[in-house]
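First comes the structure, then the notes that go with it.
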Amino acid sequence: MFFLLPSGVPLLLFTFVPMVSSAWVSLHEWNLISEMQWVGFANYAHLLTDPTTREVFGHTVLYIVGYFPLVYAGGLALAVVLNRRLAGRTFFRAAYFLPVVTSWVVVALVWQWLLNPSNGLVNQILGFLNLPQPGWWTDPSWAMASVILASAWKDLGFVMVILLAGLQTIPQELYEAARIDGASAWQQFRRVTLPLLSPSTFFVVVISLINGFQVFDQVYVMTGGGPAGSSQVVVGQIYELTFRYGRAGEASALSWLLFAVILAVTAVQIRGQRKWVHYA
């Protein structure tokens, strides 16, 4: 018990106490300055009937739907390539992982410049190719796509490392047996690699969805939730309710609604993994 104190005390002070405090605040009306007023579950009732709540959850789901396929397919492709014996593969592994440890503010600012509609590098390249040049983060139709691109680029290295570790645990004898049986490269990938990579894939799916529901930094820096609220997400709305509108009670209630959604989604994944995750 004594040896748990160094980690147990910070966990209690910085995780459990804030959670209990947040739950208590969610039952009150509070503007962070005046005294709290008890309202019970009125904050939850208001949020559940507020169209804005559905909008921000919809935007968050849209972000996840666009983000996850990109980051997983890109990370898997990089992992497969860099799992081979290539000249300089250690350098490339480090280079692709570098964005993961880079500050989100820096990454978001760089991508905001790259996707600048007037003089951004991406639109300059598209113009050179005679392709349409979107408004990106200034256009309500493209703002979320801008955030998705930046997020996928930053997290590619993380997914690559996890899947690369999974690839290195697959016995080479299985590939040799498959080749002897006449399996093509695609058949080996489909019948050997993907099934035995499923534990790593499961981890990536769980972590990516949890992080996806909590997306905030890149949205705040790149679009601020705009234009016209087109890229506002749940955590961004929690921030706005607290520090812009002084409705800390509603913000706390919304954070608990988000927690419930994440818990439910994660529970479904853990229960469903029995059907598709194969442990060698």
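Below, each value reflects all heavy atoms present in this structure, side chains not excepted, and no hydrogens, waters or symmetry copies. We count residues from 1, following the sequence as given.
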Task: Spacing of CD belonging to Gln124 relative to CG belonging to Leu114, to within rounding of 0.5 Å - done: 10.5 Å
- [ ] With sequence neighbours excluded, tell me which residues meet salt bridge (charged side-chain N to carboxylate O under 4.0 Å, His left out) with Arg244.
- [x] Glu240
- [ ] Looking only at non-hydrogen atoms, find the nearest pair between Thr242 and Ala251 and report the distance.
- [x] OG1-CB, 2.9 Å
Open item on the list: Checking Arg247 now: which residues fulfil salt bridge (charged side-chain N to carboxylate O under 4.0 Å, His left out) with it, not counting sequence neighbours?
Closed with: Glu250
TODO: Taking Gln188 for its side chain and Ala178 for its backbone only, find out whether a donor-acceptor pair lies under 3.5 Å.
DONE: no
Task: Heavy-atom check, side chain of Leu149 versus side chain of Trp136, under 4.5 Å - done: yes
Open item on the list: Between Thr53 (side chain only) and Leu47 (backbone N and O only), is there a donor and an acceptor less than 3.5 Å apart?
Closed with: yes
Open item on the list: Just verifying a value: how many Å separate Asp181 CG and Arg191 CZ, rounded to the nearest 0.5 Å?
Closed with: 13.0 Å
Open item on the list: If you compare all heavy atoms of Ile270 against all heavy atoms of Gln273, which two are closest, and at what distance to 0.1 Å?
Closed with: O-CG, 2.7 Å
TODO: Following the transitive rule for hydrophobic clusters with a side-chain heavy-atom cut-off under 4.5 Å over Ile, Leu, Val, Met, Phe, Trp and Tyr, establish whether Ile170 and Trp186 coincide in one cluster.
DONE: yes
Task: Gln218 and Tyr63, any side-chain heavy atoms less than 4.5 Å apart - done: yes
Side-chain donor-acceptor pairs under 3.5 Å in residues 98-113, sequence neighbours left out?
from, atom 1, to, atom 2, distance (Å)
Thr102, OG1, Leu98, O, 2.9
Ser103, OG, Val105, N, 3.2
Gln112, NE2, Met222, O, 3.0

- [ ] Could you tell me which residues satisfy side chain to side chain contact (heavy atoms under 4.5 Å, CB included) with Val206, sequence neighbours excluded, listed by chain and number?
- [x] Phe202, Ile210, Thr266, Gln269
- [ ] Please confirm whether the backbone N or O of Trp142 pairs with a side-chain atom of Ser146, one donor and one acceptor, at under 3.5 Å?
- [x] yes
Task: Residues in side chain to side chain contact (heavy atoms under 4.5 Å, CB included) contact with Leu129, at least two apart in sequence or another chain - done: Ile125, Leu131
- [ ] Just grab all the side-chain hydrogen bond (donor to acceptor under 3.5 Å, both in side chains) pairs involving residues 26-42, residues at least two apart or on different chains.
- [x] Ser26-Tyr44, Asn31-Ser34
Task: Between CD on residue Gln133 and CG on residue Leu115, distance to nearest 0.5 Å - done: 12.5 Å
- [ ] May I have all residue pairs that pass side-chain hydrogen bond (donor to acceptor under 3.5 Å, both in side chains) and include part of residues 67-82, sequence neighbours excluded?
- [x] Tyr67-Asp155, Tyr72-Thr201
Task: Check: Val205 main-chain N/O paired with Ser208 side-chain donor or acceptor under 3.5 Å - done: no
Side-chain atoms of residues 254-264: list all donor-acceptor pairs with protein atoms under 3.5 Å, sequence neighbours left out, distances to 0.1 Å.
from, atom 1, to, atom 2, distance (Å)
Ser255, OG, Ser252, O, 2.5
Trp256, NE1, Ser22, OG, 3.2

Open item on the list: Please enumerate all residues that pass side chain to side chain contact (heavy atoms under 4.5 Å, CB included) together with Pro117, with sequence neighbours excluded.
Closed with: Asn123, Trp137, Thr138
Open item on the list: Ignoring hydrogens, what is the shortest heavy-atom contact between Pro132 and Leu126? Give both atom names and the distance.
Closed with: O-CD1, 3.5 Å
Task: Joint hydrophobic cluster, Leu241 plus Ile238, side-chain heavy atoms closer than 4.5 Å - done: yes
- [ ] Can you measure from CG (Leu156) to NZ (Lys154) and round to the nearest 0.5 angstrom?
- [x] 11.0 Å
- [ ] Please say whether more than 12 non-hydrogen atoms of neighbouring residues, nucleotides or ligands are located less than 6.0 Å from CZ in Arg190.
- [x] no
TODO: Hey, could you give me the CG/CZ distance between Leu48 and Arg54, rounded to the nearest 0.5 Å?
DONE: 9.5 Å
TODO: Determine the minimum heavy-atom distance between Leu167 and Leu197, stating which atoms define it.
DONE: N-CD1, 3.6 Å
In a table with atom names and distances, give each donor-acceptor pair under 3.5 Å that connects a side chain of residues 74-92 to protein atoms at least two apart or in another chain.
from, atom 1, to, atom 2, distance (Å)
Arg89, NH1, Asn83, O, 3.4
Arg89, NH1, Arg84, O, 2.8

- [ ] Please check if atom OH in Tyr96 has more than 12 non-hydrogen atoms from other residues, nucleotides or ligands closer than 6.0 Å.
- [x] no
Task: Residue pairs passing the side-chain hydrogen bond (donor to acceptor under 3.5 Å, both in side chains) test where at least one lies in residues 227-237, sequence neighbours excluded - done: Thr223-Ser231
- [ ] Determine whether more than 12 heavy atoms belonging to other residues, nucleotides or ligands lie under 6.0 Å from atom CH2 of Trp276.
- [x] yes
- [ ] Check whether Phe189 and Ile180 end up in the same hydrophobic cluster, where Ile, Leu, Val, Met, Phe, Trp and Tyr are linked by side-chain heavy atoms less than 4.5 Å apart.
- [x] no
Task: Sub-6.0 Å ring centroid separation between Phe216 and Tyr239 - done: yes
Task: Inter- and intrachain pairs under ring pair (Phe, Tyr, Trp, His ring centres under 6.0 Å), touching residues 164-185, at least two apart - done: none
- [ ] Could you check if a side-chain atom of Asn43 sits within less than 4.5 angstrom of a side-chain atom of Leu27, using non-hydrogen atoms only?
- [x] no
Task: Closest non-hydrogen atom pair, Val219 against Val147 - done: CG2-CG1, 3.8 Å
Open item on the list: One pair to check against side-chain contact (heavy atoms from CB on, under 4.5 Å): Val233 and Val215. What are the steps and the verdict?
Closed with: CA-CA 7 Å; Val233 290; Val215 60; 3.9 Å; yes
